[in-house]
Protein chains: 2
Amino acid sequence: MMHIMSEKGAAGGGLRERKKRATRAALAEAAVRLAAEHGAEKVTVEAISAAAGVSVRTFFNYFDTRDDAFVVIDADAGARIRRAVLDAPAALSPLEALHGAMAAELAETEQQHELWRLHAQVLRASPHLLVRSLGAHMADETALAEVIAARIRSGGRPVSESAPGSESAPGSESAPGSESAPGSDEERREALDLYPRLLAAVASTAVRTSVEHWCARQEEAAFLDVFREVFALLAAGLPAPHA
Amino acid sequence: MMHIMSEKGAAGGGLRERKKRATRAALAEAAVRLAAEHGAEKVTVEAISAAAGVSVRTFFNYFDTRDDAFVVIDADAGARIRRAVLDAPAALSPLEALHGAMAAELAETEQQHELWRLHAQVLRASPHLLVRSLGAHMADETALAEVIAARIRSGGRPVSESAPGSESAPGSESAPGSESAPGSDEERREALDLYPRLLAAVASTAVRTSVEHWCARQEEAAFLDVFREVFALLAAGLPAPHA
DNA sequence: ATGAAAAAATGCACGTCATGCAAAATTAGT
DNA sequence: ACTAATTTTGCATGACGTGCATTTTTTCAT
């Protein structure tokens with residue numbers, strides 16, 4: 001049971017942490033594989049737990065809901081994207097920086113054909129799970145918005161940012177100066193609060209739409225090309241195409 | 001029980017249809033009111049059913065999931081928006097047409113302060129439901145995308161529209177031998193398929209972001225102004241604001 | 001108006017999901 | 001090796017969600 005693990009992400013120090021990550025990954029992988037074979041709705045928590053070599057109760061110790069096991073495949077992808085946004089060249093606009101960061105992440109994810117493929121297949125088979133997947137992305141959205149806000153405030157200069165991906169102390173995300181910056185102009189402050197939110201949300205939507213479009217016309221075009229096209233449309237202000 | 005109903009939307013002819021809508025609305029309203037009072041997680045299906053004056057089994061006859069009762073407050077808002085998009089003046093760009101249609105719908109919704117307020121409060125209290133709400137919007141998204149595509153094809157002229165929500169399924173129009181032919185024609189067809197999808201998805205996102213921002217800085221600005229600002233940013237291509 | 005057909009509401013049984021609690025097993029630190 | 005902290009596990013319990021047969025309500029034709 002759960003011998004070989006990807007050892008992905010930060011190879012944690014403690015043995016305890018490693019085991020926790022291992023069981024979590026084992027559960028998620030078992031869930032996806034079983035769902036790909038028998039259909040997501042026919043896979044019980046008992047089956048997943050058995051395949052991962054743990055008890056049913058332990059499953060619910062790691063996931064709040066049965067569906068979460070199918071959805072949360074890479075827990076710290078969001079952290080990598082945030083780091084990439086902060087490290088992006090100052091010359092890039094926020095939209096371009098986001099595009100680059102997400103494209104890089106998606107390119108990496110695409111390389112692990114096997115599981116990613118199965119995962120997409122499972123989500124496609126039951127739209128119910130696609131929604132939850134989107135919800136998982138939404139959780140990262142506010143954190144991403146704060147990073148975007150920080151980048152804008154700093155004028156694009158690389159932000160040192162204290163411990164970007166560390167989940168060691170959950171609870172208070174301690175974003176850099178989230179409530180200071182009393183703008184002189186009321187409208188500007190309003191915009192500065194609204195813009196990062198909107199940008200983060202739209203970027204998530206861009207990912208989802210690209211995936212959907214790519215799934216519909218599969219193999220007809222490279223995924224990253226679709227993704228690029230989407231960001232081009234966004235940057236152009238979504239102009240009306242001529243029929 | 002369930003005496004007075006809003007009689008909103010298409011006042012259906014048959015008595016049967018009316019009663020169905022009535023019980024559905026009664027269940028949704030009961031769910032929201034109870035959730036607003038006791039918290040969504042503490043409200044059982046039994047309580048909702050009792051408050052609406054129907055059996056538990058009937059509840060599941062109307063909603064697939066308990067959470068759906070909190071989320072789906074107006075079932076045919078999507079249909080009204082689609083109709084409005086089709087009826088919009090030809091001079092408007094797709095983005096503007098969507099903005100207008102959604103703004104009109106939201107303005108109407110906002111007038112029923114009471115329930116809308118409670119609904120927002122419930123969703124805010126448990127982000128779990130916010131996700132499902134977003135999912136409900138997603139269901140309408142493809143239908144909306146098809147309407148947008150129709151509007152673009154027709155060049156903006158009023159489309160007589162044969163039941164936008166119906167399943168016409170024009171999917172298999174792809175000509176055989178589409179392998180080669182890498183002309184600009186191909187790219188244009190690709191774009192025409194991608195654009196409506198993206199526009200529908202972004203519009204949904206705009207609604208969500210506006211609501212979130214408006215909830216955060218409540219009463220500080222009118223909701224429709226926030227909504228207008230969001231569409232202005234989108235139309236401008238999400239340019240970087242100057243810090 | 002009356003009876004038959006169609007649609008909806010209901011009751012019941014059953015399996016799965018999800019949580020709380022306390023005991024057993026595993027790991028960390030000394 | 002011993003103790004404390006953390007994790008895993010089993011058991012009990014309540015709620016969710018579905019299938020099926022039955023009863024009630026609505027529609028329609030006569």
Side-chain angles (χ1 to χ4, degrees), chain A residues 1-2 5 12-28 30-31 34-35 38-72 126-129 131-132 135 167-171, chain B residues 1-3 5 11-28 30-31 34-35 38-72 75 126-129 131-132 135:
Chain A
M1 29 290 202
M2 60 175 164
M5 293 283 80
L15 180 144
R16 225 167 210 168
E17 288 299 319
R18 258 201 312 225
K19 254 200 159 183
K20 279 181 72 171
R21 261 206 298 268
T23 46
R24 183 182 200 86
L27 282 169
L34 288 174
H38 306 109
E41 307 307 307
K42 305 295 295 180
V43 178
T44 73
V45 177
E46 194 173 357
I48 300 173
S49 308
V54 296
S55 75
V56 175
R57 189 63 184 81
T58 299
F59 175 93
F60 286 107
N61 209 321
Y62 280 88
F63 298 95
D64 286 342
T65 299
R66 162 176 154 275
D67 294 345
D68 286 348
F70 303 113
V71 161
V72 188
S126 47
H128 163 256
L129 292 179
V131 169
R132 286 193 86 92
E167 301 292 329
S168 55
Chain B
M1 2 337 203
M2 62 173 165
H3 306 70
M5 294 283 82
L15 181 145
R16 218 170 215 165
E17 290 299 318
R18 256 199 314 221
K19 253 201 158 184
K20 278 180 72 172
R21 262 206 294 269
T23 47
R24 182 182 200 86
L27 283 169
L34 289 174
H38 306 109
E41 309 305 307
K42 305 295 294 181
V43 178
T44 73
V45 176
E46 194 173 357
I48 300 172
S49 308
V54 296
S55 75
V56 176
R57 190 61 186 80
T58 299
F59 175 94
F60 286 108
N61 209 321
Y62 281 89
F63 298 96
D64 286 342
T65 299
R66 163 176 154 273
D67 294 345
D68 285 347
F70 303 113
V71 160
V72 188
S126 49
H128 163 256
L129 291 179
V131 169
R132 285 193 86 92

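Only a predicted model underlies this, so the values are computations on that prediction, with no experimental measurement involved. Residue numbers start from 1 in every chain, and the chains themselves are labelled A, B, ... in the order their sequence lines are given, proteins ahead of strands.
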Contact class for Tyr62(A) (heavy atom, under 4.0 Å): base, sugar-phosphate, or nothing?
sugar-phosphate

Is any side-chain nitrogen or oxygen of Thr58(B) closer than 4.0 Å to OP1 or OP2 of dT10(C)?
yes

Compare every heavy atom of Arg66(B) with every heavy atom of Ala40(B), then report the nearest pair and how far apart it is.
O-NH2, 2.9 Å

Just the rounded figure in Å: distance from P of dA9(C) to CZ of Phe63(B).
12 Å

Could you tell me how far apart Asp67(A) (CG) and dC16(D) (P) are, to the nearest whole angstrom?
16 Å

Going by the side-chain contact (heavy atoms from CB on, under 4.5 Å) test, name the single residue among Val72(A), Val54(A), Thr23(A), Asp68(A) that passes it with Tyr62(A).
Thr23(A)

Looking at every strand, decide which applies to Asn61(A) at a 4.0 Å heavy-atom threshold: base, sugar-phosphate, or nothing.
base

Between dG14(D) atom P and Lys42(B) atom NZ, what is the distance in whole Å?
13 Å

For Arg24(A) and dT7(D), give me the distance from atom CZ to atom P, rounded to whole Å.
13 Å

Please give, in whole Å, the distance from dT18(D) P to His128(A) NE2?
10 Å

Taken to the nearest whole Å, CG/Asp64(A) to P/dA18(C) is 9 Å

Can any side-chain N or O of Arg132(A) pair as donor or acceptor with the backbone N or O of Phe70(A) at less than 3.5 Å?
no

Shortest non-hydrogen separation from Ala69(A) to Ala31(A) and the atoms involved:
CB-CB, 3.7 Å

So which one's nearest nucleotide on DNA chain D is more toward 5', Val43(B) or Arg16(B)?
Val43(B)

Between Arg66(B) (CZ) and dG14(D) (C1'), how many Å, whole number?
12 Å

Phosphate-side-chain proximity, Lys19(B) and dA8(C), N/O vs OP1/OP2 below 4.0 Å:
no

Rounded distance (Å) that lies between atom P of dT16(C) and atom CG of Leu34(A):
15 Å

Please work out if Arg57(B) contacts a base, only the sugar-phosphate, or nothing of the nucleic acid, heavy-atom cut-off 4.0 Å.
base

Contact summary for Ala51(A) and Leu34(A), nearest pair of heavy atoms
CB-CD1, 4.1 Å

